[in-house]
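Presented below is the structure to which this report refers.
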Amino acid sequence: MTTQLSRATHPDLPSFPERMIQFGEGNFMRAFVDWQLQQMNNQGLFNGSAVLVQPIEQGLSHLLAQQDNLYTVFLNGILNQQTVNDSEIITSVSRVINPYSQYEDYLALAENDELEFITSNTTEAGIAYNPDDRLSDAPPKSFPAKLTALLHKRFQLGKKGFVIIPCELIDRNGEKLHQIVKQYAQEWQLGDDFLQWLEAENTFCCSLVDRIVPGYPRDKAKELEAEIGYKDNVMVTAEPFLLWVIEGPEWISERLPFTKAGLNVVVTNDMTPYREQKVHILNGPHTAMVPLALLAGLETVEDVMNDDCFSSFVKQLMEDELIPMLNLPKEALHTYAEAVQERFKNPFIRHELTSISLNSISKFKTRLLPVLLRYQQENAELPKLMTLSFAALLLSYRGDRLERQDSPEVLAIFDQAWSNPASFISSILKEESLWGQDLSKVPHLSETLESNLAQLEELGSRVALQKLV
Ligand SMILES: NC(=O)c1ccc[n+]([C@@H]2O[C@H](COP(=O)([O-])OP(=O)(O)OC[C@H]3O[C@@H](n4cnc5c(N)ncnc54)[C@H](O)[C@@H]3O)[C@@H](O)[C@H]2O)c1
Ligand SMILES: O=P(O)(O)OC[C@@H](O)[C@@H](O)[C@H](O)[C@H](O)CO
């Protein structure tokens with residue numbers, strides 16, 4: 001029987017003082033932030049660990065504790081045309097506090113002068129205001145309320161503040177977290193001195209994260225354990241690529257020397273271009289490929305990239321329709337687009353198209369529609385590939401299509417519009433609740449979508465696409 005990973009099985013592994021508090025013990029944070037702390041420690045550049053705080057009552061704290069907070073990260077994929085298949089035991093997590101059973105330990109973190117940084121990833125739902133939270137709760141329910149309680153304790157002790165870098169995938173995450181903390185400070189009447197300390201002593205940064213982390217390799221765990229020679233219940237698989245853009249003062253790069261350690265971390269005073277790049281060049285093609293590829297019977301992103309017709313679609317979409325419309329340095333965009341195509345080809349990751357298709361209408365609205373409209377305005381014609389993908393998306397939301405996964409409100413709007421196929425395009429384009437504007441006014445969009453829809457139904461998506469790529 002294989003022994004479970006622990007400090008007893010690996011007595012020579014190093015330990016580091018706690019320098020970071022991290023809200024979230026999930027797969028992403030452990031393969032992204034903690035993996036990066038490990039790389040800095042390996043090079044003697046940080047000498048620190050993260051103490052993890054479990055944001056909700058149920059979590060992984062007990063599984064990590066059983067392994068003395070050690071776990072393995074497997075990096076599998078292709079980076080700069082090289083195949084990477086690495087594994088490493090991560091020693092940069094000191095412990096996990098569950099504030100639901102260890103609230104005193106949680107608040108005691110305020111006493112430690114060595115703790116300088118706070119990071120978080122509590123999913124898109126985590127940075128939210130909960131009106132029922134009180135300072136006297138042990139713990140308050142929401143992440144921002146828990147954080148406010150900790151910051152208040154720190155202030156009461158007369159200590160310095162923190163550099164706070166949330167990683168949640170919401171726009172302007174740091175500003176939103178900051179704003180909710182201030183809201184609790186006011187509602188809980190924590191006083192002007194606390195508010196002044198909050199502003200003067202703490203630095204809230206916005207950040208953008210990018211690394212595909214499929215998580216625990218359920219289908220391959222036994223095989224991997226045989227390879228590493230020990231049992232690990234919280235192992236994580238991830239792609240080798242990463243990007244972390246932190247919007248904040250330059251001195252962050254010195255206090256957190258990621259770049260010095262060779263990590264792809266950018267500290268900037270404006271992260272907007274990076275967000276534009278990632279949302280339009282990575283998430284945009286993901287969203288565009290899904291309805292066309294599902295109509296053709298493909299299942300994964302890898303299937304798309306191994307198919308000549310569909311991979312040409314992805315490449316041309318990026319090069320001819322997306323990159324020319326982004327107001328960013330073109331060379332960097334082309335390099336990024338090539339890297340994204342390599343990542344999409346990753347043979348070690350099974351990325352299901354149906355998982356990307358969830359809530360495709362809102363994804364289309366933010367990731368593709370702004371570029372489609374810009375293209376139409378600048379060129380006085382529609383981008384052909386994006387418009388065909390839009391038609392496939394509309395078709396994939398017809399009541400008989402199994403792939404549609406969206407909110408009941410969105411599906412009801414489509415069912416109503418599809419109830420009269422002859423007027424479907426004109427009525428769905430008028431739905432401002434879906435698109436934020438009346439798209440029936442966009443020159444030639446209605447008739448192009450009508451014709452694309454007819455082609456998709458008569459010829460199928462592969463043949464319709466072959467006419468364009
Ligand atoms: N996995 C990826 O490839 C990837 C890549 C980039 C970004 N992300 C983002 O990271 C987030 C976490 O992904 P993961 O793969 O680590 O998932 P996970 O399930 O392993 O971890 C989820 C974490 O979020 C916390 N959480 C869940 N619901 C919460 C809530 N309502 N309030 C506060 N905290 C909550 C959990 O306690 C846990 O720490 C996702 O929202 C995802 O959008 C994931
Ligand atoms: O996570 P979603 O569902 O919003 O989007 C699906 C993918 O585009 C997304 O998960 C990317 O793979 C990820 O954003 C890469 O960092």
Side-chain angles (χ1 to χ4, degrees), residues 22-35 50 52-61 63-64 71 73 77 93 96-100 119-130 133 139-147 166-171 173 177 180 207-218 234-239 241-245 264 274-275 277-290 300-302 304 314 336 339-340 343-344 346 349-368 405-406:
Q22 177 180 307
F23 290 83
E25 82 296 3
N27 293 315
F28 177 74
M29 288 303 265
R30 286 184 294 110
F32 186 78
V33 174
D34 305 319
W35 182 87
L52 276 43
V53 176
Q54 191 173 293
I56 51 177
E57 202 156 2
Q58 303 306 320
L60 302 175
S61 56
L63 291 182
L64 277 154
Y71 62 95
V73 168
V93 171
V96 187
I97 295 179
N98 182 347
Y100 291 83
T119 52
S120 65
N121 197 344
T122 56
T123 76
E124 286 89 330
I127 301 189
Y129 171 73
N130 172 21
D133 279 326
K141 196 160 174 259
S142 72
F143 156 50
K146 287 188 186 77
L147 177 61
C167 300
E168 284 79 355
L169 279 182
I170 56 169
D171 200 14
N173 48 19
L177 181 60
I180 302 176
S207 95
L208 169 81
V209 295
D210 190 2
R211 173 172 256 184
I212 296 169
V213 180
Y216 183 78
R218 217 165 288 283
V234 279
M235 57 168 81
V236 192
T237 55
E239 66 170 341
F241 175 89
L242 76 79
L243 171 65
W244 193 3
V245 182
N264 193 21
Y274 295 93
R275 188 177 160 80
Q277 174 176 274
K278 189 209 167 195
V279 166
H280 297 308
I281 307 285
L282 188 154
N283 301 109
H286 259 167
T287 299
M289 72 171 72
V290 163
T300 65
V301 177
E302 192 193 354
V304 169
V314 171
Y336 182 75
V340 168
R343 295 168 66 193
F344 285 177
N346 192 344
I349 286 177
R350 192 177 162 82
H351 203 173
E352 299 283 347
L353 296 171
T354 49
S355 80
I356 300 172
S357 78
L358 178 69
N359 303 330
S360 273
I361 296 299
S362 64
K363 287 180 188 170
F364 177 82
K365 184 184 163 199
T366 52
R367 298 170 181 186
L368 293 164
Q405 303 179 73
D406 218 309

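Just so you know, ligand 1 is whichever comes first in the structure, and atom 1 is the first atom listed for that ligand. Quantities reported herein were computed from a predicted structural model and do not represent experimental measurements.
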| If only atom types and distance count, is the side chain of Ser120 paired as donor or acceptor with the main-chain N or O of Thr122 below 3.5 Å? | no
| query | Against heavy atoms of Asn27, which atoms of ligand 1 measure under 4.0 Å? | reply | 16 (O), 20 (O)
| query | Would a 4.0 Å cut-off, counted as strictly less than, catch a protein heavy atom around atom 1 (O) of ligand 2? | reply | no
| Distance filter under 4.0 Å to Ile212 heavy atoms, resulting ligand 1 atoms | 3 (O)
| said: What I want to find out is whether Lys363 reaches Asp406 closely enough, with some N-O distance under 4.0 Å, to be called a salt bridge. | reply: no
| His351/Phe344 under ring pair (Phe, Tyr, Trp, His ring centres under 6.0 Å): CA gap, chis, key distance, verdict | CA-CA 9 Å; His351 203 173; Phe344 285 177; 8.1 Å; no
| Can you tell me which residue and heavy atom of the protein come closest to atom 21 (O) of ligand 1, and the distance to 0.1 Å? | Gly26 CA, 3.4 Å
| said: Return the closest protein heavy atom for atom 15 (C) of ligand 2 as residue, atom name and distance. | reply: Asp210 OD1, 3.4 Å
| said: Under a 3.5 Å distance rule, please check whether Arg30 uses its side chain to pair with a backbone N or O of Trp35 as donor and acceptor. | reply: no
| said: Tell me the closest heavy-atom pair linking Val213 and Thr237, and the distance in Å. | reply: CG1-O, 3.6 Å
| said: Out of all atoms in ligand 2, which are within 4.0 Å of some heavy atom of Arg211? Include the element for each. | reply: 16 (O)
| To which protein heavy atom is atom 14 (O) of ligand 2 closest, and what is the distance rounded to 0.1 Å? | Lys278 NZ, 2.8 Å
| task | With heavy atoms under 4.0 Å as the rule, classify the contact between Arg211 and ligand 1 as side chain, backbone, both or neither. | result | backbone
| Does a donor on one side chain and an acceptor on the other come within less than 3.5 Å for Tyr336 and Asp210? | yes
| For atom 31 (N) of ligand 1, which candidate among Ala125, Gly24, Ala31 holds the nearest heavy atom? | Ala125
| Can an N or O of Asn121 be found at a distance shorter than 3.5 Å from an N or O of ligand 1? | yes
| field | Of the listed options Val236, Leu169, Leu208, closest to atom 7 (C) of ligand 1 (non-hydrogen atoms) | value | Leu169
| query | For atom 24 (O) of ligand 1, what is the nearest protein heavy atom, given as residue, atom name and distance? | reply | Thr123 CG2, 3.4 Å
| note | re atom 5 (O) of ligand 2, the protein heavy-atom contact at minimum distance is Arg367 NH1, 3.4 Å
| remark: Closest heavy-atom approach to atom 2 (C) of ligand 1 among Val213, Ile170, Leu60 is made by Val213
| Atom indices of ligand 2 within 4.0 angstrom of Asn283 heavy atoms, with elements | 7 (C), 8 (O), 9 (C), 11 (C), 14 (O)
| Would you say Gln22's side chain and Thr119's backbone share a donor-acceptor pair under 3.5 angstrom? | no
| query | How does His351 reach ligand 2, by side chain, by backbone, by both or by neither, if only non-hydrogen atoms under 4.0 Å count? | reply | side chain
| said: Check whether Asp133 reaches the backbone of Ser142 with its side chain - one donor and one acceptor, N or O, closer than 3.5 Å. | reply: yes
| task | Taking the side chain as every heavy atom from C-beta outward, state whether Tyr129 and Pro144 have any pair of such atoms under 4.5 Å apart. | result | no
| field | atom 41 (O) of ligand 1 - nearest protein heavy atom and its distance | value | Glu124 OE1, 2.7 Å
| task | Check whether any heavy atom of Glu239 sits under 4.0 Å from an atom of ligand 2. | result | no
| Do any non-hydrogen protein atoms sit less than 4.0 Å from atom 10 (O) of ligand 1? | yes
| query | What protein heavy atom sits nearest atom 7 (C) of ligand 2, and how far away is it? | reply | His286 ND1, 3.3 Å
| query | Closer than 4.0 angstrom: is that true for some heavy atom of Glu25 and an atom of ligand 1? | reply | yes
| request: Check for a donor-acceptor pair, side chain of His280 on one end and backbone N or O of Arg367 on the other, with a separation under 3.5 Å. | output: yes
| For the side chain of Gln54 and the backbone of Ile56, is there at least one donor-acceptor N/O pair under 3.5 Å apart? | yes
| request: Kindly indicate whether a cation-pi arrangement holds for Arg211 with Phe28, taking the cut-offs as under 6.0 Å to the six-membered ring centre and within 45° of the axis. | output: no
| query | Identify the closest protein heavy atom to atom 3 (O) of ligand 2: which residue and atom is it, and at what distance? | reply | Lys363 NZ, 2.9 Å
| Heavy-atom pair of closest approach, residues Val301 and Leu353 | N-CD2, 3.9 Å
| note | All heavy atoms of Phe143 vs all of Glu168, minimum pair found to be CE2-OE2, 3.9 Å
| note | Restricting to heavy atoms, the pick from Ile127, Thr122, Asp210 nearest atom 26 (N) of ligand 1 would be Thr122
| said: Taking only non-hydrogen atoms of Leu358, do any sit less than 4.0 angstrom from ligand 2? | reply: no
| note | Closest heavy-atom approach to atom 6 (C) of ligand 1 among Phe28, Phe32, Phe143, Tyr216 is made by Phe28
| Any Asn359 side-chain heavy atom under 4.5 Å of Gln405 side chain | no
